[in-house]
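Every chain is numbered from 1, with letters handed out A, B, ... down the list of sequences. It should be emphasised that the depicted structure is a prediction, and the values quoted were computed from it without experimental measurement.
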Amino acid sequence: MSSAYQRITVTSALPYANGPKHIGHLAGAYIPADVFVRYQRLKGADILFVCGSDEHGTAIPNQALKEQTTPRAIIDKYHAQIRDCFQQFGIAFDIYHRTSEPIHHQTSQEIFLSLYNKKLLTEETSEQYYDETTNTFLADRYIVGTCPKCNHPNAYGDQCEKCGSTLSPRELINPRSTLSGKPPVLRPTKHWYLPLQNHEPWLRDWILTSHESDWKTNVYGQCKSWIDAGLQPRAMTRDLDWGIKVPLPDAEGKVLYVWFDAPIGYISATRALFDELASGKHQFATPQRSFANAKSDDWKKWWQAPDTRLIHFIGKDNIVFHCIIFPIMLHATGEYIVPDNVPANEFVNLEGDKMSTSRGWSIEMHEYLEDFPGRADELRYALLTNLPETKDSEFTWKDFQAKNNNELVAILGNFVNRAVVLTQKNFEGKVPAAGPWQPQDLAVIEQLKALPGTIAQSIEAYRFREATAGLIDLARLGNKYLADTEPWKVIKTDPDRVGTILHLALQIAANLAIVAEPFLPFTAEKLKKLLGLSALPWDEAGSTTLLQAGQVLADAPLLFQKIEDDIITRQLDKLVAKKKAAELAAQPVTPLKSEIVFDDFAKMDIRVGKVLQAERVEKSKKLLKLRVDIGLEERTILSGIAEHYDPATLVGQQVVLIANLAPRKMMGMESQGMILMAEDKDGSLRLVQPNAVVAPGSTVN
RNA sequence: CGCGGGGUGGAGCAGUUGGUAGCUCGUUGGGCUCAUAACCCAAAGGUCGUAAGUUCGAGUCUUACCCCCGCUACCA
């Protein structure tokens, strides 16, 4: 952290646009960055905050297959969703870009070519598994087979989850593709590698020597571990038709590795921002400050000037890419700067278990926003006080409720409310004039002056939990001041003294408006409106002259609402239900029955019938009694579908039935046939029907 | 298996260069009644994963072991 820095470039990890993002992502890379950036903006720093969607890589086309749509549709959908969620959580990017934009393809190819032309990439041909059904090379994860060590039949190509051994796809016995289920074949393929080991001396000096004391121990430790283990060449290209084309003549069907292009997205976003600022046409840009006289070329100084301080906010899964691979790429070009710090966070667990979108054990950003509209600050606060800064942390709904009720409502909201209500009752809602300070007041003023500095120190050291605690301490100070001075008693004997007390209490509230802004931006906005304040710089915090005597206060709104138990119970139920649904979805389909010959099939007389009447069978939970027209005659058929269909809705419906099944007595009645139903994974039943109306009695062959 | 991070009162966490543990919540008692039964004060509660060692003295250093999390290069 050299003071020679003139400006700060801040990035938050580009979210991968293959699905919704959960509150663990929010806590890891976005909220801390936002707090840092908002604080720096209040300090008047020359700072830039960029992010965007990461839209390449094999997982995108695979998700498209899953959702039966195109990769383009997937990224469009999730890009918009994630961008809107960030906006509603108040994450104030100057631009939220996307890696599918042409300018990003251009930037990535430029950097690739720069490395290539400097002879810093090597070419290698190797044999890779190829799926002939889908015409794709397979990533290790998409190959399964029998583990050579423990004989587990479903080991992945990179690792056996049963015995934990690390594997390569070639070691698997009877490998098969998870895309087609068929055995893959080996095919030679050429790729371009970045020999990381050539940059080891530089890397050691840069990280292990220069950043031994200012990087977080978890980040530093992981980097050291990687470097000590020995760096190797890493493939920078892939066989895939989704991504950025390798800009070389003999590279048909090859794209840049997603981890090559994704971090470059930060740079592309910056280029896009200054292009848009220069042209005045904003498509992705959402500038949060004035970038006066911006020119297209200005992006360079944010990425290439040595007096620019670059900071990457990420989760711990991204450490090696942001501390080793990306810096090597940038440094090797000879044109770019490398990060000053990478304050990676660990993970947030949820109710005792790892958060996982695919397993349904998560709170997705959009889900929270739907269930708690307009209450972004409440989650920001709960996550901020529980950030996984040094180790994995734990989010529970009960804790969320407690943080909201006992801290935001009871301490912060309540203090502001008390100060305002007392002013309205005793001074017609106008800020009273202050008389001479008494020792009691001076002690409070001293603490008030000290707190912003303490908070600032914490933020600059990336200790956001501690910083957030400082914010609440300021409100505590206010509550204690009121409790100690008891203005509701003094008003009977010394109204002037009460004026002084409330004047100071309201100055504390005004300070809260400044100090809260990085952490709780929406609340800070409400506070400013309440107190009639305009935007104030951070350096004004600690002052006792933010409000003028006579200033009229707005009606006291409640800054926060209590959250009752039933809301929390409902969220817990929802979580359990979601997990169950995910488990069902992941459940394998019923295995095939043994083979039959045509004659076995031909024995069945399957026909289409029309339901004429339908009614419940008395004393039966499951049975419906149906009267069905099968062309030749009318039949009575009993069917166990009462839990799935209301009888009235069945009348007139076409059904498929087995007409020559031997009659059978149920509940004292004879059923003359059997209606065919499709059974879903969760056991629910749906009618099997022709997709257009056919005559009753039509045969099914 | 190897490497990295972590194991501190009921819960979540701090603990700088070694000097017998702090914070928030919760609990209990008290005060107050302006306030969203909110606020303020006080107390109880931990021999700091286990064992051994260095030291006058260790949560803090060394060693061994146990547990949790992550990484191990195509899981983003």
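- The P atoms of B:G22 and B:G53 are separated by 28 Å, rounded to the nearest whole Å.
- A:Gln457 CD: 12 or fewer foreign heavy atoms inside a 6.0 Å radius.
- For B:A51, the paired nucleotide is B:U63, the pair qualifying as Watson-Crick or G-U wobble because both relevant distances are below 3.5 Å.
- A tilted orientation is assigned to the rings of A:Phe326 and A:His312, their planes being inclined by 30° to 60°.
- Exactly one of A:Trp259, A:Trp226, A:Phe260 qualifies for a ring-ring contact (aromatic ring centres under 6.0 Å, His included) with A:Phe321. That residue is A:Trp259.
- A heavy-atom distance below 4.5 Å is found between the side chains of A:Phe347 and A:Asp317.
- Within the 4.0 angstrom heavy-atom criterion, no nucleotide atom of any strand lies near A:His191.
- Backbone-only engagement by A:Lys316 is indicated by non-hydrogen atom pairs under 4.0 Å involving sugar-phosphate atoms exclusively.
- Residue A:Gly230 is in base contact, counting any heavy-atom pair closer than 4.0 Å across all strands shown.
- In this structure, A:Phe560 and A:Asn18 both approach RNA chain B, and ranking their closest nucleotides by distance from the 5' end singles out A:Phe560.
- Look at A:Asp441 and A:Arg497 and you find a salt bridge, because one of the NZ, NE, NH1 or NH2 atoms lies within 4.0 Å of a carboxylate O, short of that distance.
- Of the candidates B:A35, B:C3, B:C25, B:C3 carries the atom nearest the A:Ser225 side chain, counting heavy atoms from C-beta on.
- At the phosphate of B:U33, neither OP1 nor OP2 sits under 4.0 Å from any side-chain N or O atom of A:Arg418.
- Closest contact between the side chain of A:Leu196 and the listed nucleotides B:G70, B:A73, B:C25 involves B:A73.
- Across all strands shown, B:G70 forms a Watson-Crick or G-U wobble pair, both distances under 3.5 Å, with B:C3.
- When distances are taken from the side chain of A:Arg234 to each of B:C69, B:C40, B:A73, the shortest belongs to B:A73.
- Only the C1' atoms considered, B:U60 is 31 Å distant from B:A42, to the nearest whole Å.
- The closest side-chain heavy-atom distance from A:Asn417 to A:Leu558 is below 4.5 Å.
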Applying salt bridge (Lys or Arg N to Asp or Glu O under 4.0 Å), run through A:Asp392 and A:Lys316 and close with a yes or a no. CA-CA 10 Å; A:Asp392 289 359; A:Lys316 67 173 160 185; 2.8 Å; yes
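- At most 12 heavy atoms of other shown residues, nucleotides or ligands fall within 6.0 angstrom of atom NZ in A:Lys430.
- Residue contacts for A:Leu559: at a heavy-atom cut-off of 4.0 Å it reaches a base atom on one of the strands shown.
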Pull out every protein N or O sitting under 3.5 Å from an N or O of nucleotides 26-28 of chain B, one pair per line with the distance.
unit_1 : atom_1 : unit_2   : atom_2 : d
B:G26  : OP1    : A:Asn406 : ND2    : 3.0

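- When each of B:U24, B:C34, B:G12 is scored by its nearest atom to the side-chain atoms of A:Glu407, the top-ranked nucleotide is B:U24.
- Going from the P atom of B:U63 to that of B:G6 covers 15 Å, rounded to whole Å.
- Toward the 5' end of RNA chain B, the nearer of the two residues A:Asn349 and A:Asp473, judged by each one's closest nucleotide, is A:Asp473.
- Comparing B:G26 with B:C13, their C1' atoms sit 14 Å apart, to the nearest whole Å.
- Base pairing annotation: B:G10 forms a Watson-Crick or G-U wobble pair with B:C25, both donor-acceptor distances under 3.5 Å.
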Between the protein and nucleotides 5-7 of chain B, list the N/O to N/O atom pairs that are separated by less than 3.5 angstrom.
unit_1 : atom_1 : unit_2   : atom_2 : d
B:G5   : O2'    : A:Thr390 : O      : 3.4

Under 3.5 Å, which N/O atoms of the protein pair with N/O atoms of nucleotides 62-68 of chain B?
none

For A:Gln128 and A:Thr189, run side-chain hydrogen bond (donor to acceptor under 3.5 Å, both in side chains): C-alpha distance rounded to whole Å, both residues' side-chain angles, the deciding distance at 0.1 Å, then the answer. CA-CA 7 Å; A:Gln128 298 280 325; A:Thr189 179; over 6 Å; no
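- No side-chain heavy atom of A:Val431 sits under 4.5 Å from any side-chain heavy atom of A:Thr423.
- For A:Glu486, counting side-chain heavy atoms from C-beta on, the closest listed nucleotide (B:A76, B:C32, B:A38) is B:C32.
- The residue A:Ala410 sits close only to the backbone: its heavy atoms come under 4.0 Å of sugar-phosphate atoms, none of a base.
- Across all strands, A:Lys425 comes closer than 4.0 Å only to sugar-phosphate atoms, never to a base (heavy-atom distances).
- The separation of B:G5 from B:G15, taken at their P atoms, amounts to 15 Å, rounded to a whole angstrom.
- Aromatic pair A:Phe372/A:Phe400: centroids less than 6.0 angstrom apart.
- When both pairing distances are held under 3.5 Å, B:G18 makes no Watson-Crick or G-U pair with any nucleotide shown.
- The nucleotide whose nearest atom lies closest to any side-chain atom of A:Trp488 is, among B:A76, B:A35, B:U33, B:U33.
- When the C1' atom is used for both B:U47 and B:U8, the distance is 12 Å, rounded to whole Å.
- Rounded to the nearest Å, the gap between the C1' atom of B:G45 and that of B:U24 is 15 Å.
- The distance from atom CD1 of A:Ile227 to atom CG of A:Leu203, rounded to the nearest 0.5 Å, is 4.0 Å.
- Heavy atoms of A:Tyr220 sit nowhere under 4.0 angstrom from any nucleic acid atom.
- Pairing for B:C39 goes to B:G31, judged as Watson-Crick or G-U wobble with the two contacts each under 3.5 Å.
- Closest to the side chain of A:Leu231, from the set B:A73, B:C39, B:U36, is B:A73.
- B:A58 and B:U62: their P atoms are spaced 15 Å apart (whole Å).
- Looking at heavy-atom distances under 4.0 Å, A:Asp54 makes no contact with the nucleic acid at all.
- Looking at the side chain of A:Trp259, the nearest of the listed nucleotides B:A76, B:C39, B:C13 is B:A76.
- Within the 6.0 Å centre-distance limit, the rings of A:Tyr266 and A:His322 are counted as a close aromatic pair.
- Salt bridge status for A:Asp228 with A:Arg204: present, with a side-chain N to carboxylate O gap under 4.0 Å.
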